[in-house]
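Letters A, B, ... are given to chains in the order of the sequence lines, protein chains preceding strands, and every chain is numbered from 1.
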Protein chains: 2
Amino acid sequence: MSTAASTTPTERPLRADARRNREKIVSAARQIVGEHGEAAQIDDVARLAGVGVGTVYRHFPNKEALMGELVRMCVVECTAIAEQCASIEDPWDAFAGMVRSSCERMAADAAMRRTWQAADDAAVAYAAPVKAELHDAAELLIRRAHESGELRPDFTVDDMGGLMCGLGAAIDAMPEPDERWRRLVEFALDGLKPH
Amino acid sequence: MSTAASTTPTERPLRADARRNREKIVSAARQIVGEHGEAAQIDDVARLAGVGVGTVYRHFPNKEALMGELVRMCVVECTAIAEQCASIEDPWDAFAGMVRSSCERMAADAAMRRTWQAADDAAVAYAAPVKAELHDAAELLIRRAHESGELRPDFTVDDMGGLMCGLGAAIDAMPEPDERWRRLVEFALDGLKPH
DNA sequence: CGGGAAGCGGAAAGTGAGCTACGGTTCCGG
DNA sequence: CCGGAACCGTAGCTCACTTTCCGCTTCCCG
């Protein structure tokens with residue numbers, strides 16, 4: 001039994017080339033989803049990644065799982081932004097910085113805003129654990145801004161999801177080359193200051 | 001030739017039962033799209049309308065055309081809201097009333113906010129003529145609010161699309177039974193007042 | 001360096017939704 | 001009241017996309 005238990009069934013090292021392919025697949029998926037949104041096809045992802053379709057399905061049991069991984073990556077990036085902004089001294093600048101940087105990221109990377117729309121419930125559930133971290137990181141910034149009196153008290157962490165979804169949709173709805181969306185973000189931030 | 005020209009090829013009266021069926025189809029489509037968004041199926045629409053699939057395709061050449069009709073109806077409703085708010089005396093109340101009423105409509109009717117996402121470019125193009133009317137109606141309210149100095153001057157008609165898209169997405173992202181979305185709308189309106 | 005397993009590729013099966021063909025039915029003009 | 005045409009419902013075709021299957025290749029370890 002002890003010898004049989006030496007292999008860890010929950011986690012295995014993953015071969016070198018397999019690891020490389022996995023990264024290529026995820027990277028390609030990001031680009032394809034950014035271009036085609038929900039209509040993204042596994043076939044296109046495989047072609048862009050330079051691998052066969054079977055390889056995609058070796059790494060992800062189905063399309064849903066691949067989407068879930070993309071969602072997870074987006075959440076991780078957002079968390080990184082939030083934690084990075086935590087080092088800003090002024091509480092309001094820290095909060096506003098998180099919102100601005102996140103929007104900047106969404107505007108620059110179509111996958112960032114389209115992934116949420118393309119993901120179904122199962123994919124979102126897959127990212128639940130990392131989502132908790134994002135929640136905590138955002139809550140910290142919001143509490144600091146509340147305490148300094150620069151953020152209206154009736155705005156809570158639970159409103160962040162709606163806010164960012166709304167800003168993402170607004171950015172998506174505006175002609176890309178123009179950067180008129182920046183103004184809308186500032187309008188929203190002004191609305192979040194104490195009335 | 002004169003006898004052949006007596007029939008108007010561009011427009012025909014439409015039989016009584018056909019008219020009734022067409023209305024049932026559109027009504028059913030609204031509900032199905034509201035429930036399933038982009039994943040709405042013609043089959044379900046036909047079943048809910050109590051007609052066969054063939055009947056749906058008699059009235060609309062393809063799914064795209066049906067979606068286009070839904071988009072058109074949404075735009076017409078929005079225009080009606082805007083024109084209705086034009087009778088409000090106070091310029092700011094008129095503008096804010098348009099935004100609030102539109103959001104109210106989106107919150108109450110899932111089809112109202114999901115239709116935009118489900119519609120592709122062709123469907124949107126189909127609704128272009130009525131969209132111009134909405135543009136004009138919104139522009140009137142915005143100009144009045146600008147002139148009275150109650151709406152920030154750097155907010156223009158071209159920002160309305162992004163604003164409403166954003167608010168729609170935000171409403172969609174929030175748990176339905178709760179009416180927390182109303183607060184977000186007020187935040188946005190506060191942000192649109194002169195800084 | 002060689003045995004063996006993990007990984008890869010692409011053809012093909014499976015699946016489901018959009019769309020069409022056609023025989024029966026319902027409605028309007030005379 | 002009736003002839004003809006517009007209309008309706010069903011059944012199944014088509015086609016695109018996901019998923020699987022299996023022989024071949026590449027990598028790791030002793």
The contact string for nucleotides 24-30 of chain C, one letter per nucleotide 5' to 3', using protein heavy atoms under 4.0 Å with B, S and - for base, sugar-phosphate only and none, comes out as --BSS--
Where protein sits on nucleotides 12-24 of chain D, one letter per nucleotide: B base, S sugar-phosphate only, - none, heavy atoms under 4.0 Å
-----SSBB----
Residues A:Ile25, A:Val51; criterion side-chain contact (heavy atoms from CB on, under 4.5 Å); working and verdict
CA-CA 8 Å; A:Ile25 289 168; A:Val51 303; 4.1 Å; yes
Start with the C-alpha gap between A:Met67 and A:Phe60, add the side-chain angles, then the distance that decides, and say whether side-chain contact (heavy atoms from CB on, under 4.5 Å) holds.
CA-CA 9 Å; A:Met67 291 305 306; A:Phe60 303 94; over 6 Å; no
Derivation of the side-chain contact (heavy atoms from CB on, under 4.5 Å) call for B:Arg58 and B:Arg22
CA-CA 9 Å; B:Arg58 169 160 301 277; B:Arg22 190 194 149 94; over 6 Å; no
Show, in sequence, the C-alpha distance, side-chain angles and deciding distance for B:Glu23 and B:Arg20, and conclude whether the salt bridge (Lys or Arg N to Asp or Glu O under 4.0 Å) test is met.
CA-CA 5 Å; B:Glu23 276 170 24; B:Arg20 234 170 329 179; over 6 Å; no
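At a non-hydrogen distance threshold of 4.0 Å, nothing from residues 65-74 of chain A comes into contact with DNA chain C.
A donor-acceptor pair is defined here as one N or O able to donate and one able to accept, closer than 3.5 Å; no such pair exists between the side chain of B:His195 and the backbone of B:Arg152. Side-chain atoms of B:Arg72 never come within 3.5 Å of backbone atoms of B:Ala127 as a donor-acceptor pair (strictly under, hydrogens ignored). Although no hydrogens or angles enter the test, the distance criterion places a donor-acceptor pair under 3.5 Å between the side chain of B:Arg113 and the main chain of B:Met106. Of the possible polar contacts, one joining the B:Arg144 side chain to the B:Glu89 backbone as a donor-acceptor pair under 3.5 Å is found.
The existence of a salt bridge linking B:Arg30 and B:Glu77 is confirmed by a sub-4.0 Å separation between a basic side-chain nitrogen and an acidic carboxylate oxygen. The pair A:Glu104-A:Arg182 meets the salt-bridge criterion, since a charged nitrogen lies less than 4.0 angstrom from a carboxylate oxygen.
OP1 or OP2 of C:dC8 has at least one side-chain nitrogen or oxygen of A:Asn21 nearer than 4.0 Å. Within the structure, a side-chain polar atom (N or O) of B:Thr55 is placed less than 4.0 Å from OP1 or OP2 of D:dG9. Regarding contacts with the backbone of C:dG7, every side-chain N or O of A:His59 stays at 4.0 angstrom or more from both OP1 and OP2.
Nucleotide D:dG9 holds its C1' atom 14 Å from the CZ atom of B:Arg47, rounded to whole Å. Distance, B:Lys24 NZ to D:dC7 C1': 13 Å, rounded to whole Å.
For the salt bridge (charged side-chain N to carboxylate O under 4.0 Å, His left out) test, no residue two or more places apart in sequence or in another chain qualifies with B:Glu35. Every side-chain hydrogen bond (donor to acceptor under 3.5 Å, both in side chains) that B:Arg183 has, sequence neighbours left out, goes to A:Asp159.
Across the helix from C:dC1-D:dG30 to C:dG30-D:dC1, the helix axis at one end is tilted relative to the axis at the other end by 30° (nearest 10 degrees, each axis from five pairs).
Aromatic ring orientation, A:Phe155 versus A:Phe95: perpendicular (interplanar angle above 60°, classes split at 30° and 60°).
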